[in-house]
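For reference, the structure discussed in these notes is given below.
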Amino acid sequence: MSPTSQRLVVVSNRLPIVLTQEGGTWSLKAGSGGLVSAIGPVLSHRGGLWIGWPGLPLDEGGEWERVLEEGCRERGYDLEPVLLTESEVKGFYEGFSNGVVWPLFHDLLGRCNFDPSFWYTYLDVNRKFGDAVVAQSDEDDFIWVQDYQLIHVAEFVREQTERRMGFFLHIPFPPLDIFIKLPWRGQILKALLAYDLIGFQTPRDTRNFLTCVDHLLPGSEVDDSGTITEVRLGSRTVRVGSFPIGIDFAYYEETALSAEVTRRKEELRRKIGPARIIVGVDRLDYTKGLPERLEAFRNALKRYPELREQVILFQIVVPSRESVPEYQSLKATVERLVGEINGEFSMVGWVPVQYHYKSLGRRDLIALYRLARVCFVTSIKDGMNLVAKEFCASQVEGSGVLVLSEFAGAAAQLQCGALLVNPHDIEGMADALKAAVFMEAEERRRRMEGMREILREQDIFWWVDYYLQAVLGSVPDGFRTPSEYFPPLGLDEDLW
Ligand code: GDG
């Protein structure tokens with residue numbers, strides 16, 4: 001049986017749902033975040049099983065199990081919860097996943113807390129997930145493990161049984177000089193190599209990983225002559241490749257064109273007034289470059305007075321990891337900057353930054369994407385950045401401009417149409433904002449059309465198909481990975 005027709009078992013830290021209890025009654029709604037938006041439609045489409053943590057401490061045999069079962073029926077695939085204690089969540093999720101791997105893999109070594117106890121809890125919890133995989137799957141299934149919280153699952157499954165297993169890393173893979181700082185670098189590398197296929201978002205991540213393998217595992221042999229690279233370690237062969245995650249393009253396009261979203265878009269326009277909208281949509285996270293974005297907007301208003309009263313920055317910040325002190329202090333910084341900018345530039349009838357610390361409904365989000373003149377993505381480093389792609393897919397009139405960080409994975413695919421910026425270069429970003437706001441309609445349409453064409457072809461269903469084809473070893477000819485993005489230096493040749 002080929003993996004494209006095998007039952008798919010997706011394993012991720014969180015189940016794609018949020019369970020809540022009010023007055024003794026449980027209810028369930030869809031989760032938010034990149035992974036859910038990406039894989040939810042695929043499992044609904046082809047059926048299968050999703051294994052993950054339900055997001056809160058629960059005891060077996062509760063009423064919540066009935067609500068979860070209903071959720072499975074509605075979604076068209078099964079949900080299998082892995083129950084974690086509060087101390088497991090602290091050490092595994094907040095500690096090792098978000099306090100070590102997340103900052104390190106985003107090149108932010110100074111934010112890492114290498115507490116050894118986090119590492120042991122990470123292993124214990126990965127073993128729990130591995131046990132759930134063994135109990136809930138059989139040898140015909142294809143197991144697809146998602147992301148940095150669960151790197152060790154394959155290793156623990158292989159201790160008990162054989163399964164065909166793939167891994168996809170949604171966040172970047174760091175360069176050798178950063179990875180090597182990790183006290184458990186050897187164990188993490190070995191655990192990754194227990195998968196049959198390791199997928200990264202971009203050619204740069206793949207290259208970083210292969211450089212680590214090459215330097216840290218001298219016995220390994222790397223054959224990178226094809227689209228999918230093969231790493232040989234003794235009798236094992238592991239396949240490695242870049243698979244830029246896509247979005248459900250047709251859904252965004254159709255929803256943007258729907259009567260409901262058109263109505264919401266017009267309502268939003270009436271409420272906001274005539275100013276051109278620069279939109280930012282992010283989880284509260286230090287990798288998203290929120291302070292840098294606000295500084296760039298401030299700089300643009302300062303240096304280009306013609307932007308005043310003409311634009312507003314409409315910034316949605318979705319609450320995330322609220323119990324972690326670093327995220328609380330980031331929120332305070334963002335709110336201070338918003339206050340400063342509004343205090344400095346507001347005029348009667350015009351407030352430059354509209355800041356919303358909450359999550360919007362999907363349709364309101366799409367109405368906002370469709371209405372906006374500019375989408376401003378300033379990640380310091382980002383695996384892909386789905387917001388950039390969702391914006392383009394919702395831009396059915398082709399009137400908007402994407403200003404995109406060079407360090408978002410999406411830059412590789414969208415370099416044809418986006419205005420690419422270095423999030424550390426405040427003036428450069430301000431210049432790009434001005435250029436985007438005043439860009440001629442024809443150039444905006446042409447750039448947007450180029451990006452939409454790529455995103456329409458390389459959507460979420462394409463991503464899953466090609467990942468699964470790559471497990472088999474036969475990547476069809478039509479598979480085109482983007483080339484690695486390197487920024488032009490913009491220097492005069494005679495400077496050299
Ligand atoms: C990780 C990697 C990679 C945001 N605000 C609202 C809302 N969202 C949804 C967006 C989008 C998702 O959240 C955010 O996705 P990103 O890709 O931007 O970022 P991460 O959550 O950090 O995701 C990232 C991704 O995994 C997938 O591989 O691209 O690099 O870090 O889908 O639409 N959704 C709703 N209301 C909001 O206010 N409904």
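This structure is a prediction, so every number in the text was calculated from the model and none was measured. Both ligands and their constituent atoms are indexed starting at 1 by order of listing.
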Is the [X]-[Y] ring centre distance short of 6.0 angstrom?
X: His106; Y: Tyr286; result: no
X: Trp119; Y: Phe96; result: yes
X: Tyr467; Y: Trp462; result: no

Quiz item: Can you find an N/O atom of His106 closer than 3.5 Å to an N/O atom of ligand 1?
Solution: no

Quiz prompt | N or O pair under 3.5 Å between Leu365 and ligand 1 | solution = no

Identity of the nearest option to [atom], non-hydrogen atoms only, from [options]:
atom: atom 39 (N) of ligand 1; options: Leu360, Asn385, Val317; value: Leu360
atom: atom 5 (N) of ligand 1; options: Val318, Ile245, Asp282; value: Val318
atom: atom 9 (C) of ligand 1; options: Lys381, Gln146, Arg363, Arg362; value: Arg362

Proximal atoms of ligand 1 relative to [X] (non-hydrogen, under 4.0 Å):
X: Val281; result: 4 (C), 5 (N)
X: Lys288; result: 18 (O), 19 (O), 20 (P), 22 (O)
X: Gln201; result: 3 (C), 28 (O)
X: Gly383; result: 30 (O)
X: Asp382; result: 24 (C), 30 (O), 31 (O)
X: Val387; result: 18 (O)
X: Glu390; result: 10 (C), 11 (C), 32 (O), 33 (O)

Quiz item: Taking the inter-plane angle between the rings of Trp144 and Phe142 on a 0 to 90° scale, is it parallel (under 30°), tilted (30 to 60°) or perpendicular (over 60°)?
Solution: tilted

Got a salt bridge between [X] and [Y], using NZ or NE/NH1/NH2 to carboxylate O under 4.0 Å?
X: Glu267; Y: Arg264; answer: no
X: Asp382; Y: Lys288; answer: yes
X: Glu397; Y: Arg370; answer: yes
X: Arg456; Y: Glu453; answer: no
X: Glu406; Y: Lys381; answer: no

Classify the contact between [X] and ligand 1 as side chain, backbone, both or neither, using a heavy-atom distance cut-off of under 4.0 Å.
X: Ile316; answer: side chain
X: Met384; answer: both
X: Leu386; answer: both

Quiz prompt | Trp102 touching ligand 1 at heavy-atom level, < 4.0 angstrom | solution = yes

Exercise. Establish, from distance only, whether the side-chain atoms of Gln149 and Tyr93 form a donor-acceptor pair under 3.5 Å.
Key: no

